[in-house]
Every structure is written in C-alpha cells, then in structure tokens.
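Everything below concerns the one structure shown next.
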2 protein chains.
Amino acid sequence: MSTETRAVDAGSPGDGGPIRVAQVEIRPSEGLALVAGRAVSLSVRELELLSALALRSGHVVARDELFSNVWGGPLRSGDRSIDVYVHKVRQKLEAAAPGWSFIHTHIGFGYRFAPEPMA
Amino acid sequence: MSTETRAVDAGSPGDGGPIRVAQVEIRPSEGLALVAGRAVSLSVRELELLSALALRSGHVVARDELFSNVWGGPLRSGDRSIDVYVHKVRQKLEAAAPGWSFIHTHIGFGYRFAPEPMA
DNA sequence: ACGGTCCGTGAACGGGATGTGAACACTCGT
DNA sequence: ACGAGTGTTCACATCCCGTTCACGGACCGT
C-alpha cells in the first residue's frame, strides 16, 4: 500500500457523478465544489479541470493529457491556458481551506491533485 | 533470506513501469516517487538516477555505468554531476523518511541503493 | 605524517518552465 | 445597447533545473 490512489469515492469516473477526495467534494452537475464544508463556485472549465485532476487523485496527470481531457484537442506549444486555470482553481480552493494545498506542480510532467497541509 | 537483491517488484525494468523497493515506490512515468507514503517530487534527472539505482537495489552500481545509464554518454573525468545529484536525491528521500538512509557510497566503485535505518 | 585522489556540499549561473496580473474578446441575459 | 461572467492571450515576474565551480573533509598508499 502506498498512499493515495484510492481515496476517490467516485460514482462513474467518466461523467457527471460526484467525486470525493478527502475534504473535497465535486459536483459537476451543479457547477459546485465543497471544500472543508465551504461551497466553492467554479466555472465550467474550472470544474472540468478540477475533475480531471481529482479523478486521478495522487497521480501526476501530464500536461497534454490534461489539456486533451478538458479542452478536447492537442496541446499547442505555447498555450498557457492550463497554467492560468490551475492558478484560478488553486486560488479558490485555498481560499476555502487556508493552509492546505491541493494541486501540486511536477515540472516537466504535469500536475498532481492531493490535499496536503502546506509546508 | 539475507539482505538484498529481491525486494524489487518492478514490472519491466527497462521502461516506465513502477519500481518498488521496501517503503519506496518510483513512478518514472509520472515524475513521482513515494517514500513512506509521502510524495516526493523529483526532477527528470533525479528520477532517472534514482530509478537506475533502485533497479539494481542491493548492488553497487559503478560510477561510469550510472552516468551512461542516466546521462547517456561516457563519464568525462572531472565531471561531478553524479555527486551533486546523489546529494539532491539523498536530501529529498531522507526528508521524507527521517532516520533512514537509502543511497550508500562505495568509494572508488559507485553507489548502492538500499533502505537502511541510520547508524 | 604527507600528498594525491575521491567525495560531500553549498553556491552561482543561464535557460527554460511556471506563476500571476491584466487586457481583450465573446456570450448571454436583461 | 448594456453589464456581468467567462475564456483566451499577453507580458512580466518568479521559480526551478541542470551544470559547473569552489572549498573542505574523507580515504588511500607510501
């Protein structure tokens, strides 16, 4: 047993079922996420991004894979949309749960979703 | 059973499959390592170095062999990259598992990967 | 003890990847 | 037509990575 990899209590991974990881619950059908009991309202893209990451909680999701999952096409070189949206989602999550970080950067690879106390 | 040589639960040694040795799990494809359940983020080089060592867990890997495995060329005399990277990886591993040492120096030969409690 | 070699470790450097705030355009409801 | 919300792009700031240097300690043979 390692660490993560199974803290996800999702219904159907692919579609609209709620996703739960630790103190985070995502309800794609409502455009809503609950973090530490607090409601966080997210836009469509933000929700899709967060879902794509949370569905692989504990694993690093590659940049291009993330992009094709959320944006639905190949990642053009120079496109910074991912960075911008990761930033937006981070802001909202950390505003709801101060002292915790959720989306971790793995330079050259991608991002990893995992609720962890800040260093 | 004595000590070494078979604690590696790797899939295919050569490529991206996860490598597991004792409390250390390495996922080359994700740029991620798990130590004692903690996620350790490693750079590409660091990951490659750790993988090269862990794939031969319990055995001393020669300096030049290590270099050609990771850097992909002959080791030039005076090149200290290996030392620097061993140091970086040691730091990160021991930060994740205090009291344990993982990479052992064999002067004049090379390095040996083996999780052991500190002296 | 001596000198030479090997290794540990911190720091500096240039290039590249990512973080971040702002401007811009587009859609939608009113 | 207007404003609010959203998605994209840009520009600049910041951080990280890989390499190399510098210094010092550890180990070796003599």
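Only a predicted model underlies this, so the values are computations on that prediction, with no experimental measurement involved. The sequence lines fix the lettering, A, B, ..., with proteins before strands; numbering per chain opens at 1.
Looking at which nucleotide of DNA chain C each of Val84(B) and Arg90(A) is closest to, the 5′-most match is held by Val84(B). The residue among Gln91(B) and Asp83(B) whose nearest nucleotide of DNA chain C is located toward the 5' end is Asp83(B).
Judged by distance alone, with hydrogens and angles left aside, the side-chain atoms of Lys92(B) form no donor-acceptor pair with the main-chain N or O of Val40(B) at under 3.5 Å.
Here Trp71(A) does not reach the OP1 or OP2 of dG7(D): none of its side-chain N or O atoms lies under 4.0 Å away. For the pair His87(A) and dG19(C), the criterion of a side-chain N or O lying under 4.0 Å from OP1 or OP2 is not met. Residue Ser43(B) places at least one side-chain N or O under 4.0 Å from the OP1 or OP2 atom of dG18(D). Between Tyr85(B) and dC7(C), a side-chain N or O to OP1/OP2 separation shorter than 4.0 Å is absent. Dashed line: the shortest gap from a side-chain N or O of Thr105(A) to OP1 or OP2 of dG19(C) is under 4.0 Å. The shortest distance between the side-chain N/O atoms of Arg63(A) and the OP1/OP2 oxygens of dT18(C) is below 4.0 Å.
Checking Arg63(B), Lys88(B), Arg90(B) one by one against Asp83(B), the salt bridge (charged side-chain N to carboxylate O under 4.0 Å, His left out) holds for a single residue, Arg63(B).
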If you apply the rule side-chain contact (heavy atoms from CB on, under 4.5 Å), what do you find for Tyr111(B) with Val60(B), and how did you get there? CA-CA 5 Å; Tyr111(B) 295 94; Val60(B) 177; over 6 Å; no
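Distance His104(A) NE2 to dG19(C) P: 13 Å, rounded to the nearest Å. With rounding to whole Å, Asp79(A) atom CG is found 6 Å from dT9(D) atom P. The CZ atom of Phe67(A) sits 17 Å away from the P atom of dA17(C) (whole-angstrom rounding). Going from atom CD of Glu46(A) over to atom C1' of dT8(D) covers 13 Å, rounded to whole Å. When rounded to the nearest whole Å, the span between OH of Tyr111(A) and P of dC16(D) equals 13 Å. Summarising the geometry, the separation between CD on Glu94(B) and C1' on dT9(C) is reported as 13 Å, rounded to the nearest angstrom. Distance CG (Leu66(A)) to C1' (dT18(C)): 14 Å, rounded to an integer number of Å. If you take NZ of Lys88(A) and P of dT6(D), they are 9 Å apart, rounded to a whole angstrom.
In this pair, Phe102(B) and Phe113(B) present their aromatic rings parallel. The plane angle is below 30°, not in the 30 to 60° band.
Side-chain contact check for Arg112(A) and His59(A): no donor-acceptor pair (N or O, by modelled atom type) lies under 3.5 Å.
Phe109(A) comes within 4.0 angstrom of nothing in the nucleic acid, heavy atoms only. Residue Arg80(B) is in base contact, counting any heavy-atom pair closer than 4.0 Å across all strands shown.
Of the candidates dT20(D), dT8(D), dC6(C), dT8(D) carries the atom nearest the Arg45(A) side chain, counting heavy atoms from C-beta on.
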